[in-house]
Peer 1: 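Mind having a look at this structure? Questions to follow.
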There are 2 protein chains.
Amino acid sequence: MKTEEADLKRTEIFKVLSDHNRLKMIRILYQAKRELTCGEVGEKLNLSKSTVSYHFKLLRTVGLTNTRKEAQIKYLSLNMATFQEYLPGF
Amino acid sequence: MKTEEADLKRTEIFKVLSDHNRLKMIRILYQAKRELTCGEVGEKLNLSKSTVSYHFKLLRTVGLTNTRKEAQIKYLSLNMATFQEYLPGF
DNA sequence: TTTGTTGTTCGATAGTTATCGAACTATAAT
DNA sequence: ATTATAGTTCGATAACTATCGAACAACAAA
């Protein structure tokens, strides 16, 4: 990947991480050490479910999280590969 | 530093790096391997000097750059310590 | 089939950010 | 003293973002 292309991706990732609530989500997922549902995360953050959904969509879009769907429930986890590639040591 | 406190600082740094022109500035300073003036950087980015000044103020505020003033000229360089602390491997 | 649960999408809105040119400060040069 | 250079600050503005509730979709349970 060329530098400029990689920088665009980096910019996107930084933008996604530049929101305090999204960084909290990352932290919550990291500390949970297991998959969590959107609802579980939303509760801890005191945000409406639509807002939580909005944030998780952004996280998913840049590849920071994985989603696994089981019935109507979505289980979230961190995508460590992206962290290691763009944010080693984070 | 407590986790939450560090996260606030991280959020600030990510916000500052989440702008494409600011990331370019970082890249330009890194590749120059020497101090540059605001004017030199501004030329390469095709931005007005007020806009460049605005961006550099943000970079300086979060500690990503150093400034050295000589007469009316300001010389800019990266603050590697901040990069190593918050963005190791970047 | 109706009801409840989990999450998404939409429209509105308040707040934030990037950008510019104009006016300004500080310093150097003529 | 006037002029030129380097950068900052201010006011305006267009674009973007986070947030919410309402309406919706998918599935499970009763």
Side-chain angles (χ1 to χ4, degrees), chain A residues 7-29 32 34-79, chain B residues 7-29 32 34-79:
Chain A
D7 270 3
L8 272 171
K9 177 78 178 173
R10 257 184 270 271
T11 308
E12 274 180 29
I13 288 179
F14 288 143
K15 193 171 295 179
V16 164
L17 291 176
S18 73
D19 179 85
H20 193 50
N21 280 324
R22 282 195 292 269
L23 203 59
K24 277 187 184 169
M25 289 174 173
I26 297 286
R27 181 75 56 197
I28 288 169
L29 284 175
R34 63 175 177 95
E35 294 175 314
L36 295 177
T37 67
C38 297
E40 285 177 306
V41 177
E43 257 176 53
K44 296 183 198 247
L45 290 175
N46 231 37
L47 290 174
S48 76
K49 61 184 183 165
S50 57
T51 301
V52 172
S53 180
Y54 162 74
H55 285 311
F56 270 126
K57 188 175 184 179
L58 293 180
L59 288 169
R60 203 183 330 118
T61 300
V62 299
L64 287 171
T65 58
N66 297 122
T67 302
R68 183 173 66 83
K69 193 174 180 186
E70 195 172 294
Q72 79 272 46
I73 300 169
K74 278 194 172 175
Y75 291 96
L76 297 152
S77 58
L78 297 183
N79 184 347
Chain B
D7 271 3
L8 271 171
K9 177 79 178 174
R10 257 184 269 272
T11 308
E12 274 181 30
I13 288 179
F14 288 143
K15 193 170 295 179
V16 164
L17 291 176
S18 72
D19 179 85
H20 192 50
N21 280 324
R22 282 194 293 269
L23 203 60
K24 277 187 184 169
M25 289 175 173
I26 297 286
R27 182 74 57 199
I28 288 169
L29 284 175
R34 63 175 177 93
E35 296 175 313
L36 294 178
T37 66
C38 297
E40 286 178 305
V41 177
E43 257 176 53
K44 298 183 197 247
L45 290 175
N46 231 35
L47 291 173
S48 76
K49 60 183 184 168
S50 57
T51 300
V52 172
S53 180
Y54 163 75
H55 285 312
F56 270 125
K57 189 176 184 179
L58 294 180
L59 288 169
R60 203 184 329 119
T61 300
V62 300
L64 287 172
T65 58
N66 297 124
T67 304
R68 183 173 66 82
K69 192 175 182 185
E70 196 174 291
Q72 80 271 46
I73 300 169
K74 279 193 170 175
Y75 291 97
L76 298 151
S77 58
L78 297 183
N79 183 348

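Residue numbers start from 1 in every chain, and the chains themselves are labelled A, B, ... in the order their sequence lines are given, proteins ahead of strands.
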Peer 1: Does anything in residues 40-50 of chain A reach DNA chain D, meaning a heavy atom under 4.0 Å, and if so which residues?
Peer 2: Leu47(A), Ser48(A), Ser50(A)
Peer 1: Looking only at non-hydrogen atoms, find the nearest pair between Glu35(A) and Ser77(A) and report the distance.
Peer 2: CG-CB, 4.2 Å
Peer 1: Which whole-number value in Å describes the distance from Leu58(A) CG to dT9(C) C1'?
Peer 2: 14 Å
Peer 1: Nearest to the side chain of Cys38(B), which nucleotide is it out of dT19(C), dT19(D), dG7(D)?
Peer 2: dG7(D)
Peer 1: Please determine whether a side-chain nitrogen of the Lys or Arg among Lys24(B) and Asp7(A) lies less than 4.0 Å from a carboxylate oxygen of the Asp or Glu.
Peer 2: no
Peer 1: Which ring pair (Phe, Tyr, Trp, His ring centres under 6.0 Å) pairs, counting each pair once, include a residue from residues 34-53 of chain B, with sequence neighbours left out?
Peer 2: none
Peer 1: Which residue lies toward the 5' end of DNA chain D, Thr51(A) or Val52(B), if each is placed at its nearest nucleotide?
Peer 2: Val52(B)
Peer 1: May I ask you to evaluate whether His55(A) reaches the phosphate of dT17(D), defined as a side-chain N or O under 4.0 Å from OP1 or OP2?
Peer 2: no
Peer 1: May I have the list of side-chain donor-acceptor pairs in residues 52-63 of chain B shorter than 3.5 Å, sequence neighbours left out?
Peer 2:
residue  : atom : partner  : partner atom : Å
His55(B) : ND1  : Arg22(B) : NH1          : 3.0
Arg60(B) : NE   : Thr67(B) : OG1          : 3.4
Thr61(B) : OG1  : Lys57(B) : O            : 2.6

Peer 1: List the atom pairs, donor and acceptor, that lie under 3.5 Å between side-chain atoms in residues 38-45 of chain A and the rest of the protein, sequence neighbours left out.
Peer 2:
residue  : atom : partner  : partner atom : Å
Glu40(A) : OE1  : Thr37(A) : N            : 2.8
Glu40(A) : OE2  : Arg34(A) : NH2          : 3.4

Peer 1: Where along residues 13-29 of chain A does a heavy atom fall under 4.0 Å from DNA chain C?
Peer 2: none
Peer 1: Are side-chain heavy atoms of Leu17(A) and Leu23(A) found at a separation under 4.5 Å?
Peer 2: yes
Peer 1: So which atom in Asn21(B) and which in Asp19(B) form the shortest heavy-atom distance, rounded to 0.1 Å?
Peer 2: N-OD2, 3.0 Å
Peer 1: Could you tell me if the side chain of Asn66(A) sits less than 4.5 Å from the side chain of Leu78(A), heavy atoms only?
Peer 2: no
Peer 1: Could you give the NZ-to-C1' distance, from Lys57(B) to dT9(D), as a whole number of Å?
Peer 2: 7 Å
Peer 1: Pull out every residue in residues 60-79 of chain A that has a heavy atom closer than 4.0 Å to any atom of DNA chain D, ordered by number, or say none.
Peer 2: Ala71(A), Gln72(A)
Peer 1: Measure the distance from CG on Leu36(A) to P on dT6(C) and round it to the nearest whole Å.
Peer 2: 14 Å
Peer 1: Are Leu36(B) and Ile28(B) packed together at the side-chain level, in the sense that at least one heavy-atom pair is separated by less than 4.5 angstrom?
Peer 2: yes
Peer 1: Report which part of the nucleic acid Tyr54(A) touches: base, sugar-phosphate, or nothing (heavy-atom distance under 4.0 Å, all strands).
Peer 2: base
Peer 1: Before giving the answer on side-chain contact (heavy atoms from CB on, under 4.5 Å), spell out for Arg27(A) and Met25(A) the whole-Å C-alpha distance, their side-chain angles and the decisive distance to 0.1 Å.
Peer 2: CA-CA 5 Å; Arg27(A) 181 75 56 197; Met25(A) 289 174 173; over 6 Å; no
Peer 1: Are Arg10(B) and Glu12(B) within salt-bridge range, i.e. N to O under 4.0 Å?
Peer 2: no
